[in-house]
Visitor: 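Okay, here's the structure, questions in a sec.
What you see is a predicted model; the values in this text were computed from it and never measured. All chains are named by letter (A, B, ...) in the order of the sequence lines, taking the proteins before the strands, and each is independently numbered beginning at 1.
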Amino acid sequence: MTPTKTPPDFFDMVYQVVRLIPKGRVTSYGAIAKYLGAASSSRLVGYAMNGAHSQKPKVPAHRVVNRQGLLTGKHHFASPNLMQQLLEKEGIKIKNDQIVHFEKYFWDPQKELAL
DNA sequence: CGATTGACGTACG
DNA sequence: TCGTACGCCAATC
């Protein structure tokens, strides 16, 4: 219905990219936004994650952190420590809610996907 | 329908 | 280096 409806393709794109994040890697909202061509709309990426858990294929939102490598969205998970647990489970070290060697685990879609 | 908020990032002082 | 302001777009009140 509502053929004039404007589907949030941007949100869907975000989910797709997040699913492409390899295990043991992390990325930032801005990186995804830039990859989608919306570097200025980095907030939309975070907002998209808001409905990530609502998506059918579960979106590994725990692999998405802010530019500082800080687990800013951990409070949005089922449990605030769940995000850290998942990351640590993948071999990522976290200190004070911040990813250690974040730059080392950083996964840039623009670079990895090399479009 | 208007105003506010938000899982960010960059710019400016 | 740190703090504040702005932008961007959608969802919510």
Visitor: Show the numbers, then the answer: is there a side chain to side chain contact (heavy atoms under 4.5 Å, CB included) between A:Leu71 and A:Asn66?
Guide: CA-CA 7 Å; A:Leu71 284 56; A:Asn66 66 351; over 6 Å; no
Visitor: Whole angstrom is fine here: how far is it from CZ in A:Phe11 over to C1' in B:dA7?
Guide: 12 Å
Visitor: Can you tell me the distance, in whole Å, between the NZ atom of A:Lys74 and the P atom of B:dG6?
Guide: 17 Å
Visitor: Determine the contact category for A:Ala48: base if any of its heavy atoms lies under 4.0 Å from a base atom, sugar-phosphate if only primed atoms, P, OP1 or OP2 are that close, otherwise nothing.
Guide: nothing
Visitor: Going by heavy atoms in the side chains, are A:Leu82 and A:His62 under 4.5 Å from each other?
Guide: no
Visitor: To the side chain of A:Asn66, which of B:dG9, B:dA7, C:dT12 is closest?
Guide: B:dG9
Visitor: Can you tell me which nucleotide in C:dC9, C:dA10, B:dA7 comes closest to the side chain of A:Asn50?
Guide: B:dA7
Visitor: Specify the separation, in whole Å, of atom OH of A:Tyr47 and atom C1' of B:dT5.
Guide: 8 Å
Visitor: Side-chain N or O of A:Ser40 less than 4.0 angstrom from OP1 or OP2 on C:dC9?
Guide: no
Visitor: Looking only at side-chain atoms of A:Ser41, point me to the closest of C:dA10, B:dA7, C:dC9.
Guide: C:dC9
Visitor: Using the side-chain heavy atoms of A:Arg67, tell me which of these nucleotides is nearest: C:dA10, C:dG7, B:dT10.
Guide: B:dT10
Visitor: Has the side chain of A:Arg43 got a donor or acceptor that lies under 3.5 Å from a partner of the other kind on the base of C:dG7?
Guide: yes
Visitor: Short question: side chain of A:Thr27, backbone of A:Trp107 - any donor-acceptor pair under 3.5 Å?
Guide: yes
Visitor: Would you say that A:Tyr29 contacts A:Thr72 through its side chain, given a criterion of any heavy-atom pair below 4.5 Å between the two side chains?
Guide: yes
Visitor: Could you tell me whether the side chain of A:Ser42 has a donor or acceptor atom within less than 3.5 Å of a complementary atom in the base of B:dC8?
Guide: yes
Visitor: Could you state the atom-to-atom distance from CG of A:Leu44 to P of B:dG9 in whole Å?
Guide: 13 Å
Visitor: How far apart are the closest heavy atoms of A:Phe106 and A:Ala31, and which atoms are they?
Guide: CZ-CB, 3.7 Å
Visitor: To the nearest angstrom, how far is A:Phe106 atom CZ from B:dG9 atom C1'?
Guide: 12 Å
Visitor: Find the distance A:Leu36:CG to C:dA10:P and express it as a whole number of Å.
Guide: 13 Å
Visitor: Using atom CD of A:Gln68 as one end and atom C1' of B:dA7 as the other, report the distance to the nearest whole Å.
Guide: 13 Å
Visitor: Roughly, in whole Å, what's the span from CD1 in A:Ile32 to C1' in C:dC9?
Guide: 16 Å
Visitor: Where the side chain of A:Tyr29 is defined as all heavy atoms beyond and including C-beta, which of B:dA7, C:dC8, C:dT12 is the nearest nucleotide?
Guide: B:dA7
